[in-house]
Amino acid sequence: MKSLNILFFSILFLLGGCGPGTTTGNPVTTPVQVRMEDKQPLAWLKKGMDAFIHPAYAALSNVKFCFKRMRFKPDSTTTGSNFDLVLGEVDINPAGTNLITVSVPNGTYERIEFDLETECDGTPGKPSVTLTNGNGTFTTVDRTTIKFDGSYTVSAAGTLTLDIDPLLDALDLITADNQIKTSLEAAPGDF
């Protein structure tokens with residue numbers, strides 16, 4: 001009889017441990033593809049019709065970001081989920097750049113941040129940002145954090161598209177290397 005009780009309680013113990021993961025120990029995650037694009041490629045129309053293509057949008061011809069880290073934040077004040085990236089240097093195309101697919105804990109996020117850092121892929125001397133605009137070619141090795149604000153709920157696999165129009169506008173006005181960090185950090189995008 002004693003061995004039957006031990007067997008019975010052992011089975012109950014084992015069955016009690018089976019089931020879905022806890023929300024604190026094993027949160028449910030969902031794959032999210034992160035993409036950057038200029039959501040208003042014809043924004044020059046708003047700036048004036050003095051030329052067929054507004055000069056401000058014709059000048060920026062090359063942008064490279066060296067991605068080191070990404071954060072999904074429930075709001076602008078918390079840490080959120082950090083993802084160290086192995087993207088390295090990426091050419092940013094205003095028409096669209098697929099960055100990465102990450103598994104993100106389900107929930108609603110109001111800010112996405114990226115840290116751009118030198119040597120993000122282990123190559124010594126690689127700049128964190130490189131760009132060419134109508135004023136020349138500029139680079140920085142400063143650690144730069146770019147931010148995107150909005151609201152995105154993760155509950156099913158999907159694509160998060162980050163609008164880089166404000167960042168491109170800021171980069172188009174650069175005239176010196178030491179302006180890049182300040183200009184990018186002051187021009188948050190959205191989603």
Side-chain angles (χ1 to χ4, degrees), residues 11-41 63-123 126-129 140-171 180-191:
I11 291 172
L12 282 178
F13 178 76
L14 290 173
L15 289 176
C18 297
T22 63
T23 56
T24 55
N26 301 317
V28 177
T29 61
T30 302
V32 174
Q33 180 183 23
V34 181
R35 174 181 173 78
M36 288 184 166
E37 73 179 47
D38 182 356
K39 289 185 178 180
Q40 298 177 1
V63 177
K64 292 182 182 182
F65 290 155
C66 206
F67 290 98
K68 182 69 174 180
R69 191 169 299 104
M70 176 174 61
R71 286 181 290 283
F72 276 74
K73 298 176 80 169
D75 58 52
S76 62
T77 62
T78 59
T79 303
S81 298
N82 290 316
F83 301 95
D84 285 330
L85 304 176
V86 187
L87 292 175
E89 189 176 57
V90 176
D91 288 310
I92 303 300
N93 183 341
T97 303
N98 291 327
L99 294 180
I100 193 168
T101 299
V102 292
S103 291
V104 180
N106 286 2
T108 299
Y109 298 90
E110 295 181 359
R111 176 171 278 181
I112 309 299
E113 295 179 357
F114 292 92
D115 291 334
L116 310 176
E117 293 187 20
T118 186
E119 301 180 19
C120 60
D121 62 359
T123 305
K126 184 165 287 205
S128 53
V129 179
T140 186
V141 294
D142 291 337
R143 178 177 182 225
T144 303
T145 301
I146 56 176
K147 301 171 186 82
F148 298 86
D149 293 316
S151 182
Y152 184 76
T153 300
V154 177
S155 61
T159 300
L160 172 60
T161 302
L162 306 172
D163 181 11
I164 58 171
D165 187 53
L167 282 73
L168 298 179
D169 286 347
L171 293 176
I180 296 172
K181 175 183 173 74
T182 305
S183 295
L184 283 176
E185 290 184 346
D190 59 35
F191 53 93

Do you know which two heavy atoms are closest between [X] and [Y], and how far apart they sit?
{"X": "G88", "Y": "D121", "value": "CA-CB, 3.8 Å"}
{"X": "S128", "Y": "T118", "value": "CB-N, 3.7 Å"}
{"X": "L99", "Y": "V90", "value": "CD2-CG1, 4.2 Å"}
{"X": "C66", "Y": "P127", "value": "CB-O, 3.4 Å"}
{"X": "Y109", "Y": "N106", "value": "OH-O, 4.3 Å"}
{"X": "A170", "Y": "S183", "value": "CB-O, 3.8 Å"}

Are [X] and [Y] packed together at the side-chain level, in the sense that at least one heavy-atom pair is separated by less than 4.5 angstrom?
{"X": "D142", "Y": "I180", "result": "no"}
{"X": "R143", "Y": "R69", "result": "yes"}
{"X": "L162", "Y": "F191", "result": "yes"}
{"X": "F148", "Y": "L167", "result": "yes"}
{"X": "L184", "Y": "L171", "result": "yes"}

How long is the gap from CG on N82 to CZ on F72, to the nearest 0.5 Å?
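Taking CG in N82 and CZ in F72, the distance rounds to 11.0 Å.
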Could you measure the distance from the SG atom of C120 to the CG atom of L87? Nearest 0.5 Å is fine.
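Output value for this atom pair is 8.0 Å.
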Who pairs with T145 by side chain to side chain contact (heavy atoms under 4.5 Å, CB included), at least two apart in sequence or on another chain?
R71, E113, D115, K147, E185
Residues in side chain to side chain contact (heavy atoms under 4.5 Å, CB included) contact with S151, at least two apart in sequence or another chain:
T108
